[in-house]
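Single-structure report; data block below.
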Amino acid sequence: MAHIGVLRVLEELRVPVDIVVGTSFGAIIGGAYAGGADVAELERIVLATDWGRVLQDRPARDALSVRRREDDALVSSRLELGITRDGLAPPGGAFTSSEVERLLRRLTPTVSLRQVHQLPLVYRAVATDMLNGEMVIPLQVPLFTAMRASMAVPGAFTPITVDGRPLGDGGLVRNLPVDLARKLGAEVVIAVNVGTPLGGPEVLTSAFGMAQQMIGILTEQNVQRSLRELTPRDVLVTPDLGNTDFLAFDRTGANIEAGAAAARVQSQRLQPWSVSAEAWAEHQRRRTALHAALSTSPPTVAAVRVQALDRSGRPLEEAVDTRLQIGQPITPGALSDAADRVTRELGAERVEAVLVGEGASREVVLLPISSALTGGRLRLGLDMSTDLASSSEFTLSGLYSLGGRNAAGGEWRTLLRAGAVNEVQTEWYQPLAAGSRWFVTARAGTRTEVFTIYDDALRSEGVVRTANAFASLALGRQLWDSVQAQLGIQQRQLRARFAIPDFGEVPSKRDNSWFGNLSLDTLDSLGFPTRGHLFSVAGERYGAAQSDLRVEGLFAASRGPWAGHVYGVSQRTSFAIAVPLALGGFLRLSGAPQNSLVAERLAFGRAVLARQVSTLPATLGGAVRVGLSLEAGRVNESPGEAPSINSLHRAGSIFTVLETRFGPMYLGFGHTRQVGNSVYLFLGSVLLPSGIVR
C-alpha cells in the first residue's frame, strides 16, 4: 500500500517514470500504474476493499455452487483436504486465489489481458521458480499473469504455472530489483523499500510464523545486496511502517500515508527530475492512452470456450454456462463473473482467461486450473454445544465428496458422524447432461440419537434413543444460481426406545412418502451470517392424512462494524418422538436446557446484533464480535391445542463470537424467562436442526 503513496507524490512533483519493475504487491501496484491506471482510483479501490473477504481460505460462500453450500449445512467446519492417489493433500495456500484475482482485475480494469510488452511503460514483474529457485521475469504473458505470479507468497497463495514452471513470490530472489531496472536502461532508480522487519521469538510458535520468518530472512538478504547497488544519483524511499507485517491490511490508509511521507522527505532529491506542466501532461497522456482507448472501445466476444484437461491430460471442452454473450464487450467485470461461474461449476482452484485473435472481436478461452480439492475432498468438522454444567453435546463429522465421476459431472458424497449423533449417509448426484440444470439424486442412510426427556418443569426425567433409516430418490432442478427445487419419493423406518427408565421400545414405524423442497441460500456463513438470505420450504406426505412441513427464513446484513440477522422457522411433524422437534440451547431459547421443549408443532424466531471489536490474525480466522440476541419460541403438542400465555417462551443472550477456520465459536450467557440461565460454549450452525430426515 505504501507504493501508492509514493506514486501520488511522484505525480505531485511531476516526475515522469519510464520503467517500472516490481515484486509481489509492488508488481501489482507497479503493473497497474504501467498500464495507465489512475493513482487516485487505485487508492480509492484499496481503501474500499473488504480485505477480510479477500483474505479467506476459500471463495465467498455465495460464489460457491449449491452443492458446496450444502456441504456447509452438513459439516459446519471449513477444514478441507484433497484426496489423491498419493494420499491427503492440503490446499495450496492459506488464502483462496479467486478473490485476490478479482481484485487484480479491478486494479487493472482494461489492460489486465494485454501482453506485458504491449504496456505504455516498460514493465517487468519478478517471480521465483519454486522448483529451482531461479529468478523468472514473465514476458510473453498477460499483465494479469505476471502480477499474479509475482505475488504468490509461499504458504499464503497458490503458485501459478507459466510455461510449465510453478512461479511464486519474487521476493525470495529479488525483493528490490535495482539490477533489473538498470538492465532495462534506467539511468536513475527510485527504489521503494517496503520490506517487512523480521519477527521476534513470538513468531516462531506456529508453522505459518516459521514460514514467514524464513521468507523474511531470504528477502532481507537480497534487499541488502540490492541496496549496495544504488549509486549517488539514485533515490531510496523507505516508508516508516513500524512493525507492520505483510498481512496488516487494517492499516491500509496509514500505510499509504507512510509511503507519501517517505517520498516527500526525498522531494529535494527528486526535484531535478521534475518536468514542466506541458511535458507532464504529454507523459500522462502517453501512459493512459491504452487504458482510455480500451475503456471507450473494449473488444467484443466472438466466441467462448471453456477448456479443461481430462484425467490423461488431453484438452476437454466443458459445457458451462458462462453468461458471456456473442457481441458483448469484454470487460474485467464480465470476465471475473465468467471465471467465478466456471470455478463454481467445476470446483477449480482458479480460472485463467485468454483472448485469442486480434482486432475488435476476440474469442474468450477460460482455462480452469485444478486444485488439490478437485475431485476427491474430505471435510472434517466438530459440532459442540455445552452449558458447562449439565448438558454437553459433541459430534465429530467427516464429509467425503468425489466429483467428476463422468462427463456429465456425477458426484458421490458420503457423510459420517459420531458422538451425540451417529450417522452414515451416502448420496449419488447425477446431472442429466453436461451443463444441465436438471439432476437426480439417490440417497440412503441411518441416524441414531439420544435425547433427554424433560417434564413440564423442565427437569430431566428420562432418556430416549431414536434410530432412523431411509432411502430416497429425487428429481431436481437448479432454478437460478442460488435456488434449487426437488421432488422425490422416500422410504424410511423410524424406531424409538425409552432407555432411562427402561420402558422398552416403541413400535417401529415404516412408511413410504412423497417429498418436495424449494430453497434459496445466499448467506455468507451458517455460523455467523453477516449478509445474504435464506429461505426454504420442505414438505413430506405419507399415509392418508399425515404430513411434515417446515418453513424457514433468515435475513442477514451488516453496516460498518455492525452485523446481525433475523431468523424464523415454523415446523410440524406427526412423529414427535422418533423425529423430534425441539427448542432449548444457545440461540434456540438460550437459558433453557438443550432440546428440552419437544412437540409435534414448533415456531421460533430471533434477532441477533453484534459489533466487531477486534480481528484474529489472518491465518487463524477473522472478526471478533460481541453481541446479543432476543429470542421467542412456542411448542404445541397437537394442531388443536390452544396456545396459552405460558406456551410462548422469551429468551435472550449476550455473547462473544470468534470467526475461526473451524467455524464461528461462541462463548455466551443465556436467559429464558421462568426457566433459568446458562453459560454456553458453542461451535456449529445457528440454524435450527430439522426433524425431517433429509
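Note that these values count all heavy atoms, side chains included, but never hydrogens, waters or copies made by symmetry. Throughout, residue positions are numbered sequentially from 1 according to the sequence presented.
- Here Lys183 does not pair with Glu229 in a salt bridge; the nearest charged N to carboxylate O distance is not below 4.0 Å.
- Separating the NE2 atom in His291 from the CG atom in Leu119 is a distance of 13.0 Å, to the nearest 0.5 Å.
- For Glu187, the CD atom sits in a loose shell: 12 or fewer heavy atoms of surrounding residues, nucleotides or ligands are nearer than 6.0 Å.
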Can you give me every donor-acceptor pair (side chain of residues 324-336, partner residue at least two apart or in another chain, under 3.5 Å) with its distance?
residue, atom, partner, partner atom, Å
Gln328, OE1, Gln325, N, 2.9
Thr331, OG1, Ala334, N, 3.2
Ser336, OG, Pro332, O, 3.1

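- Contact between Ile19 and Ala181 at its shortest, heavy atoms only, is CD1-O, 4.5 Å.
- Within 6.0 Å of CG on Asp163 lie no more than 12 heavy atoms contributed by other residues, nucleotides or ligands.
- Looking only at distances, no side-chain donor or acceptor of Arg287 sits under 3.5 Å from a matching main-chain atom of Pro120.
- One finds a salt bridge joining Arg323 and Asp321 here, because a Lys/Arg side-chain nitrogen approaches an Asp/Glu carboxylate oxygen to under 4.0 Å.
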*Please report the C-alpha distance between Glu411 and Arg68 in whole Å, then the side-chain angles of each, then the deciding distance to 0.1 Å, and finally whether the salt bridge (Lys or Arg N to Asp or Glu O under 4.0 Å) criterion is met.*
CA-CA 12 Å; Glu411 181 181 88; Arg68 300 290 73 84; 3.1 Å; yes
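- To the nearest 0.5 Å, atoms CG (Asp18) and CZ (Arg286) are separated by 6.5 Å.
- In summary, Asp481 and Arg341 engage in a salt bridge, as defined by a charged side-chain N under 4.0 Å from a carboxylate O.
- In this structure, CD1 on Ile28 lies 8.5 Å from CE on Met1, to the nearest 0.5 angstrom.
- Of the possible polar contacts, none joining the Tyr123 side chain to the Ala32 backbone as a donor-acceptor pair under 3.5 Å is found.
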Please tabulate, for side-chain N and O atoms in residues 139-147, each donor-acceptor pair with protein atoms closer than 3.5 Å (sequence neighbours left out).
none

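- The backbone N or O of Leu13 sits less than 3.5 Å from a side-chain atom of Ser274, completing a donor-acceptor pair.
- Residues Val342 and Pro368 come closest through the heavy atom pair CG1-CB, 4.0 Å.
- In this structure, Arg14 and Pro16 approach most closely via the heavy-atom pair O-CD, 3.3 Å.
- Remark: Asp72 engages Arg61 in a salt bridge, criterion side-chain N to carboxylate O under 4.0 Å.
- Between the side chains of Asn193 and Thr238, no donor-acceptor pair is found at a separation under 3.5 Å.
- Proximity of a side-chain donor or acceptor of Gln118 to a complementary backbone N or O of Gln115 within less than 3.5 Å is detected.
- Atom CG of Asp179 sits about 8.0 Å away from atom CZ of Arg225, to the nearest 0.5 Å.
- Thr23 places no side-chain N or O within donor-acceptor distance of the main-chain N or O of Val126, the cut-off being under 3.5 Å.
- The two residues Gly259 and Val6 have their closest heavy-atom pair at O-CG2, 3.4 Å.
- Contact check on Arg8 versus Glu11 returns no salt bridge, with no Lys/Arg side-chain nitrogen under 4.0 Å from an Asp/Glu carboxylate oxygen.
- Distance alone, capped at 3.5 Å, places no donor-acceptor pair between the Ser24 side chain and the Met151 backbone.
- Side-chain contact, Thr252 with Asn255: no donor N or O sits under 3.5 Å from an acceptor N or O.
- With sequence neighbours excluded, no residue forms a salt bridge (Lys or Arg N to Asp or Glu O under 4.0 Å) with Arg233.
- For the atom pair OG1 of Thr161 and CE of Met130, the computed distance is 11.5 Å after rounding to the nearest 0.5 Å.
- Smallest separation of non-hydrogen atoms from Leu176 and Asn222: N-OD1, 4.3 Å.
- Of the possible donor and acceptor atoms, one in the side chain of Thr128 sits under 3.5 Å from a partner among the backbone N and O of Asp169.
- Here the closest non-hydrogen pair linking Ala125 and Pro138 is O-CD, 3.3 Å.
- Under a 3.5 Å cut-off, the side chain of Arg124 and the backbone N or O of Leu180 do not form any donor-acceptor pair.
- We find the CD-CG distance between Glu12 and Leu7 to be 11.0 Å, quoted to the nearest 0.5 Å.
- Remark: Asp240 CG is loosely packed, at most 12 non-hydrogen atoms of other residues, nucleotides or ligands lying under 6.0 Å away.
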